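In this text, all values refer to a predicted model and were calculated from it rather than measured experimentally.
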Amino acid sequence: MAPHSSPHPARRPLTPAPFVLRLCLHLLMAGLLVLAAVRAHSAAGTVAAAVTGAVYAAGSYLPPVRTSRRAAAVWLGVLGASWLAMLWLTPEALWVAFPLYFLQLHLLPVRWSLPAVALTAGAAILSYVGHGAALNPGVFIGPLLGAAVAVATVLGYQALYRESERRRRLIEELIGARAELAAAERHAGTLAERERLAREIHDTLAQGLSSIQLLLRAAERALPPDSPAAGHIERARRAAQDNLTEARRFVRALTPSDLEHGSLAAALERLCEPGAGPYGPGAGAGAYGPGAGPRVRFSVSGTPVELPTPYEVALLRIAQSALANTVRHASASRAEITLSFMDASVTLDVVDDGEGFEPGSVRPSSEGGFGLPAMRARAESLGGTFTVESAPGQGTAVAVSLPLSPEDRSPTAGGTA
């Protein structure tokens with residue numbers, strides 16, 4: 001029998017059969033051939049049974065028969081010819097038809113195997129009648145019933161095998177999706193921790209060192225020119241400046257990848273590119289199919305200045321989240337992101353022409369998304385304000401404003417934590 005299969009899917013034309021089934025078929029074929037040889041009324045019948053057994057044994061161990069339907073069809077043709085010769089010599093050979101049914105159904109496509117089974121059953125019936133047996137219903141029912149049982153068994157097994165393979169592939173896909181989801185969650189957690197560390201360094205170390213530097217500078221101006229403490233204060237101020245620079249370097253290293261290679265305005269402009277998406281390439285409007293997301297436009301108002309890194313991170317994350325909400329929930333055709341630089345503040349506006357909603361009825365997302373309450377908390381943690389204007393059928397406008405001090409607007413403000 002040719003039950004084995006190649007491990008490579010492209011070379012697996014045959015449905016694999018379990019070892020127990022193969023062994024049972026081998027034993028059944030061997031037993032029926034021995035029975036036919038023993039009960040044959042002539043030496044020729046015994047020789048034909050032996051030849052049929054040899055052909056069967058050879059095909060069971062030839063690798064091409066186990067991997068190629070063409071080779072299997074050739075082997076089945078030779079086996080069938082030797083069986084027909086044995087059938088001509090002894091009526092006992094008709095019992096071998098039953099294992100032949102299984103071989104034909106297993107090794108041949110359905111469009112060939114079913115006619116082959118029918119011809120084999122017909123040959124068994126004609127042989128039985130041709131050897132002078134009396135006509136009775138059992139002559140026809142036996143071979144036909146055996147053929148029906150074989151067809152139902154093999155086709156049923158093949159259907160179960162295909163279903164098990166489909167479920168196996170589905171399980172593999174689910175495992176792969178779960179691994180990707182876990183990796184995405186780890187990545188999101190890493191980014192969140194980086195941002196948290198950046199805020200902590202900015203709010204504690206960097207601000208403290210900046211205050212120490214200002215106090216030392218004031219003390220330096222208050223000292224007489226010939227004071228012996230002037231040198232110590234100067235060195236302390238320089239040490240504070242050096243450590244402040246190092247703290248700023250740490251914060252820059254923790255900056256989100258969107259801000260690593262450009263300014264906030266450049267990152268927001270990339271966010272509005274077709275297919276870029278609110279969380280990187282492929283995650284936004286472009287990820288929902290052509291025409292599924294809104295057309296997004298970005299503009300800058302006022303004279304851009306360098307912003308503290310926490311400001312840039314907060315404004316970028318709020319823009320990403322607001323645009324994600326627009327793509328997923330607003331059914332908008334257009335959206336606009338505006339970054340405005342004013343004398344005492346920097347403002348970000350995200351406006352869409354979508355369905356709108358009642359801001360007072362918003363509840364925390366069941367999906368754990370970065371919703372309006374989280375955006376508000378991020379803005380207020382930096383001393384800013386966050387407002388949402390929307391109504392059903394009138395679109396949505398999200399605005400966040402962060403205060404700017406003279407120090408924030410200095411040329412070195414972009415390096416502040």
Side-chain angles (χ1 to χ4, degrees), residues 184 187-188 191-192 194-195 198 255-342 345-357 359 365 367 369-372 374-376 378-379 382 384-390 394-402 404 414:
H187 181 64
L191 292 179
R194 285 162 61 102
E195 293 181 23
T255 300
S257 57
D258 309 84
L259 299 172
E260 287 179 355
H261 306 292
S263 63
L264 171 64
L268 291 174
E269 188 171 8
R270 288 194 299 271
L271 182 66
C272 298
E273 294 175 355
Y279 293 106
Y288 293 85
R295 297 187 304 274
V296 186
R297 188 179 67 174
F298 172 70
S299 60
V300 177
S301 174
T303 303
V305 297
E306 292 184 275
L307 298 173
T309 300
Y311 278 32
E312 292 187 334
V313 173
L315 293 174
L316 176 62
R317 293 305 189 214
I318 291 173
Q320 288 174 330
S321 185
L323 185 57
N325 288 341
T326 299
V327 170
R328 293 170 183 166
H329 308 300
S331 300
S333 61
R334 291 176 301 169
E336 183 170 353
I337 299 177
T338 305
L339 182 64
S340 303
F341 293 91
M342 292 174 278
S345 64
V346 56
T347 303
L348 176 75
D349 297 282
V350 181
V351 183
D352 67 64
D353 63 352
E355 298 176 349
F357 61 97
S365 172
E367 302 174 355
F370 183 49
L372 296 177
M375 287 188 268
R376 184 185 305 276
R378 186 185 285 272
L382 296 175
T385 59
F386 179 83
T387 58
V388 179
E389 295 181 2
S390 182
Q394 299 184 16
T396 302
V398 173
V400 56
S401 178
L402 301 178
L404 288 178

task: Starting from the C-alpha separation in whole Å, work towards a yes-or-no answer on side-chain contact (heavy atoms from CB on, under 4.5 Å) for E269 and V300.
output: CA-CA 10 Å; E269 188 171 8; V300 177; over 6 Å; no
task: Output, in order, the C-alpha distance, side-chain angles, deciding distance and verdict of side-chain contact (heavy atoms from CB on, under 4.5 Å) for V350 and M375.
output: CA-CA 13 Å; V350 181; M375 287 188 268; over 6 Å; no
- request: Please assess M342 against T347 for the test side-chain contact (heavy atoms from CB on, under 4.5 Å), listing each intermediate value before the final yes or no.
  value: CA-CA 8 Å; M342 292 174 278; T347 303; 3.0 Å; yes
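To the nearest 0.5 Å, atoms CZ (R270) and CZ (F298) are separated by 10.5 Å. Once rounded to the nearest 0.5 Å, the distance linking CD of E336 with SG of C272 reads 9.0 Å. Atoms OG1 and CD, from T396 and E355 in turn, are 9.5 Å apart once rounded to the nearest 0.5 Å. Separating the CD1 atom in I337 from the CG atom in L339 is a distance of 10.0 Å, to the nearest 0.5 Å. Rounding to the nearest 0.5 Å places CG of D352 at 12.0 Å from CD of Q394. Separating the CG atom in L382 from the CG atom in L315 is a distance of 8.5 Å, to the nearest 0.5 Å.
Side-chain atoms of D353 come within 3.5 Å of backbone atoms of S333 as a donor-acceptor pair (strictly under, hydrogens ignored). Looking only at distances, no side-chain donor or acceptor of S345 sits under 3.5 Å from a matching main-chain atom of L404.
Here the side chains of L348 and L268 are in contact, with some heavy-atom distance below 4.5 Å. Between V305 and L307 the shortest side-chain heavy-atom distance falls below 4.5 Å.
The two residues L372 and F357 have their closest heavy-atom pair at CD1-CZ, 3.9 Å. Taking every heavy atom of both residues into account, A332 and T326 meet most closely at CB-CG2, 4.0 Å. Of all heavy-atom pairs between G356 and S390, the closest is CA-OG, 3.3 Å.
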